[in-house]
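To start, the structure under review is shown below, and the notes come after it.
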Amino acid sequence: MKKLMLFICAFSILLSACTEPNKNKENMNKINTIAEKYVKLVLDVGHHHSAYIDAYYGPEEWKAESHKKPLAELLTETRDLINKLNSTQVEASQALRKQFLAIQLNSIVMFIRLQQGEQITFDDESLGLYDAISPNTTEVELNKSLQELELLVPGKGTLNERLNAYKKQFIIPLDKLDTVFVAAIDEARKRTKNYIALPSNENFTIEYVTDKVWSGYNWYQGNNFSLIQFNTDFPIYIERAIDLASHEGYPGHHVFNSQMEQHLVDKMGWIEYSIYPLYSPMSLLAEGSANYGIDVAFPKTERLAFEKDVLFPLAGLDKEQAERYYQIQDKLAELSYADNMVAKRYLDGEIDKEAAIELLMKYALSSKEKSTQRIGFIEANRAYVINYNLGQDLVRQYVDRLTGTEGAEKRWQVFAELLALPKTASMMAD
């Protein structure tokens with residue numbers, strides 16, 4: 001009897017060992033099938049909004065086969081796919097993948113509801129599309145920074161008038177713009193390559209454009225190549241050279257997209273990362289990491305030194321003014337959530353367009369023309385504005401938590417890992 005029991009036990013163990021890999025393979029096939037359907041779903045939804053798909057480097061035949069379907073049909077497809085994903089068991093190595101897909105699919109539901117004309121509050125839209133809600137900033141909080149700026153900015157007139165007059169001496173002349181941008185991008189690239197292994201074929205092209213609601217844009221083309229555009233509708237100030245070089249290029253959007261393609265699509269075969277829906281939680285990480293990456297690549301003292309030694313002379317600007325100028329820039333950064341405050345009130349119908357422009361002029365301290373352009377961006381992209389400042393803060397908190405008291409090398413390591421295996425806002429909070 002004992003021999004029989006031992007034989008049964010041994011057989012059970014052997015059977016379990018044989019069936020477990022088959023079960024894992026079956027679950028892997030299920031998640032891969034859902035990922036493929038997700039990509040095709042995003043392609044179909046993209047027919048309803050020209051900016052919805054920011055980048056795609058998946059199979060060309062999927063794009064060719066995609067067509068415009070009724071929104072109601074797409075909504076049903078999305079909810080069915082969510083149910084299938086929820087009922088799919090995955091092994092531990094696929095848990096983050098499943099979580100990411102679930103959050104992305106839920107954002108598609110919100111996007112379709114918006115396209116159907118449903119009236120949704122700013123905060124509900126933010127949470128549904130970007131997996132986060134911006135803090136409720138008030139004038140009381142912003143006024144403190146305005147008062148401190150009053151003491152820093154020289155001249156006569158209102159603070160807005162004085163600031164914009166003062167900043168004129170820091171405009172990059174148009175004939176020096178390309179020289180300054182190329183120098184900034186080359187330095188950002190060099191610093192990034194010290195810590196992140198970039199593909200040997202990665203590259204980019206720069207274009208200068210006009211008549212846009214944004215100041216810079218990275219159009220990732222796939223195969224580690226980007227088209228980076230800078231908008232010259234308005235004067236470009238010297239600090240924007242490093243900001244845009246890092247944000248759009250290194251270690252920003254160009255590196256983020258390249259890392260996803262290299263590590264997740266090419267190596268892992270996770271096809272869901274071959275498509276980037278702009279109005280989705282991916283953008284909070286994309287914009288937040290691109291903004292945070294500026295400080296990672298150029299810590300404050302190193303940035304000031306590079307500005308004074310390289311960029312100010314290339315632009316023909318007085319480098320002796322750099323320290324005071326960046327002191328003012330640091331104080332202006334404290335007003336960044338004014339954008340979110342204004343966007344929320346305007347889109348929720350609490351204020352009209354003229355009042356929104358006036359609030360931006362007061363709290364973002366931009367000219368009337370620049371404030372009007374910013375309202376154009378808000379009208380076009382709605383709650384997307386939270387991704388820049390809130391995204392940056394959430395990425396910083398996440399990296400700081402994992403870095404602890406360790407130095408720059410550890411910070412770069414955690415940051416690079418986040419780019420290679422993206423997490424949404426709620427995933428970073430876990």
Side-chain angles (χ1 to χ4, degrees), residues 121-123 125-126 130 132-172 212-216 231-240 243-244 247 287-288 291 294 321 324-393:
T121 66
F122 183 85
D123 283 347
E125 177 183 331
S126 301
Y130 307 115
I133 296 177
S134 180
N136 189 27
T137 305
T138 66
E139 287 98 327
V140 174
E141 300 166 66
L142 299 173
N143 283 335
K144 183 176 182 294
S145 296
L146 288 185
Q147 290 168 1
E148 293 171 354
L149 276 164
E150 287 280 2
L151 302 175
L152 284 174
V153 181
K156 296 181 179 180
T158 67
L159 178 57
N160 186 299
E161 292 169 341
R162 284 153 46 206
L163 179 65
N164 282 285
Y166 170 76
K167 286 174 64 178
K168 286 181 180 178
Q169 62 186 303
F170 302 100
I171 294 172
I172 304 172
K212 305 296 179 184
V213 296
W214 38 258
S215 54
N231 184 12
T232 59
D233 281 344
F234 293 95
I236 297 178
Y237 299 96
I238 188 64
E239 79 279 2
R240 297 298 286 156
D243 286 351
L244 289 169
H247 184 101
E287 302 295 0
N291 270 355
I294 300 169
Q321 302 296 320
R324 181 181 184 135
Y325 183 63
Y326 280 100
Q327 185 182 7
I328 291 173
Q329 290 302 311
D330 288 344
K331 191 57 60 177
L332 285 170
E334 297 176 7
L335 298 167
S336 71
Y337 277 84
D339 267 18
N340 304 24
M341 179 187 76
V342 172
K344 178 177 178 177
R345 293 184 186 178
Y346 178 50
L347 295 174
D348 283 348
E350 296 177 20
I351 57 176
D352 61 17
K353 186 171 184 174
E354 193 57 41
I357 292 171
E358 289 177 3
L359 277 175
L360 283 179
M361 290 176 66
K362 179 176 181 179
Y363 288 109
L365 290 169
S366 49
S367 66
K368 184 166 186 177
E369 294 75 19
K370 188 68 176 175
S371 298
T372 301
Q373 183 205 39
R374 190 60 179 165
I375 291 299
F377 180 90
I378 290 169
E379 289 172 335
N381 297 285
R382 299 181 57 82
Y384 193 92
V385 295
I386 75 163
N387 294 324
Y388 298 96
N389 41 36
L390 180 61
Q392 179 178 1
D393 287 345

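From a predicted model like this one, the values you see are computed outputs, not experimental measurements.
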**Asked** Would a distance-only check, ignoring hydrogens and angles, find a side-chain to backbone donor-acceptor pair under 3.5 Å from Asn160 to Ser367?
**Response** no
**Message:** side chain to side chain contact (heavy atoms under 4.5 Å, CB included), that's the test. Do Lys370 and Asn164 meet it? Break it down for me.
**Reply:** CA-CA 11 Å; Lys370 188 68 176 175; Asn164 282 285; over 6 Å; no
**Message:** Quick check with a 6.0 Å cut-off and a 45 degree axis cone: is Arg374 positioned over the face of Phe377's six-membered ring?
**Reply:** yes
**Request:** Indicate yes or no: does Glu379 engage Lys353 in a salt bridge with an N to O separation below 4.0 Å.
**Result:** yes
**Asked** Looking only at heavy atoms, what is the nearest atom pair of Leu146 and Leu159, with distance?
**Response** O-CD2, 3.8 Å
**Working for side chain to side chain contact (heavy atoms under 4.5 Å, CB included), residues Leu163 and Ile328** = CA-CA 9 Å; Leu163 179 65; Ile328 291 173; 4.0 Å; yes
**Message:** Please find the pair of heavy atoms, one from Asn231 and one from Lys212, that lie closest to each other, and give the distance.
**Reply:** ND2-O, 3.1 Å
**Item:** Inter-residue atom distance Ile238.CD1 - Ile172.CD1, 0.5 Å rounding
**Value:** 4.0 Å
**Complete:** One should read off an interatomic distance between Lys167 NZ and Glu239 CD, to the nearest 0.5 angstrom, of 6.0 Å
**Item:** Check: Leu149 and Leu365 side chains under 4.5 Å, non-hydrogen atoms
**Value:** yes
**Message:** With salt bridge (charged side-chain N to carboxylate O under 4.0 Å, His left out) as the criterion, how do Glu358 and Lys368 come out once you've worked through the C-alpha distance, each side chain's angles and the decisive distance to 0.1 Å?
**Reply:** CA-CA 8 Å; Glu358 289 177 3; Lys368 184 166 186 177; over 6 Å; no
**Request:** Could you tell me which non-hydrogen atom of Leu390 sits nearest to which non-hydrogen atom of Ala132, and how far apart they are?
**Result:** CD2-CB, 3.8 Å
**Message:** The test is side chain to side chain donor-acceptor pair (under 3.5 Å); show your working for Thr372 and Glu369 and say whether it passes.
**Reply:** CA-CA 5 Å; Thr372 301; Glu369 294 75 19; over 6 Å; no
**Asked** Considering only heavy atoms from C-beta outward, does the side chain of Tyr346 approach that of Met341 to under 4.5 Å?
**Response** no
**Considering all heavy atoms, the nearest Ala383-Glu125 contact** = N-OE2, 3.3 Å
**Asked** Do Tyr325 and Phe170 have ring centroids that are under 6.0 Å from one another?
**Response** yes
**Asked** Can you tell me if Asp393 and Tyr337 form a side-chain donor-acceptor pair at under 3.5 Å?
**Response** yes
**Evaluation steps, side chain to side chain contact (heavy atoms under 4.5 Å, CB included), between Leu332 and Leu335** = CA-CA 5 Å; Leu332 285 170; Leu335 298 167; 4.2 Å; yes
**Prompt:** side-chain contact (heavy atoms from CB on, under 4.5 Å) with Asn340: which of Ile378, Asn389, Thr137?
**Reply:** Asn389
**Message:** Quiz question: by atom type and distance under 3.5 Å, do the side chains of Glu287 and Tyr384 form a donor-acceptor pair?
**Reply:** yes
**Asked** Between Glu334 and Lys144, is there a salt bridge with N-O shorter than 4.0 Å?
**Response** no
**Prompt:** Rounded to the nearest 0.5 Å, what separation is found between the CG atom of Leu152 and the CZ atom of Arg162?
**Reply:** 10.0 Å
**Prompt:** Is the NZ or CZ atom of Lys344 both under 6.0 Å from the centre of the six-membered ring of Phe122 and within 45° of that ring's axis?
**Reply:** no
**Asked** Distance from Glu150 atom CD to Lys331 atom NZ, nearest 0.5 Å?
**Response** 13.0 Å
**Complete:** In terms of heavy-atom contacts, Val385 and Ala343 come closest through CG2-CB, 3.8 Å
**Electrostatic pair Arg345:Glu139 at N-O distance under 4.0 angstrom** = yes
**Asked** Measuring from Ser134:OG to Asp123:CG, what's the distance to the nearest 0.5 Å?
**Response** 7.5 Å
**Asked** Quick one: does Asp348's side chain have a donor or acceptor within less than 3.5 Å of a partner on Thr121's backbone?
**Response** no
**Prompt:** Out of curiosity, Asn291 CG to Asp243 CG, how far, rounded to the nearest 0.5 Å?
**Reply:** 7.5 Å
**Asked** Strictly by modelled atom types, are Asn143 and Tyr363 linked by a side-chain donor-acceptor pair under 3.5 Å?
**Response** yes
**Request:** Compare all side-chain heavy atoms of Arg324 with those of Pro154 and state whether any distance is below 4.5 angstrom.
**Result:** yes
**Complete:** Heavy-atom closest pair (Tyr237 atom, Ile171 atom, distance to 0.1 Å) is CE2-CG1, 3.4 Å
**Asked** Are any side-chain N or O atoms of Glu148 and backbone N or O atoms of Ser145, one a donor and one an acceptor, separated by less than 3.5 Å?
**Response** no
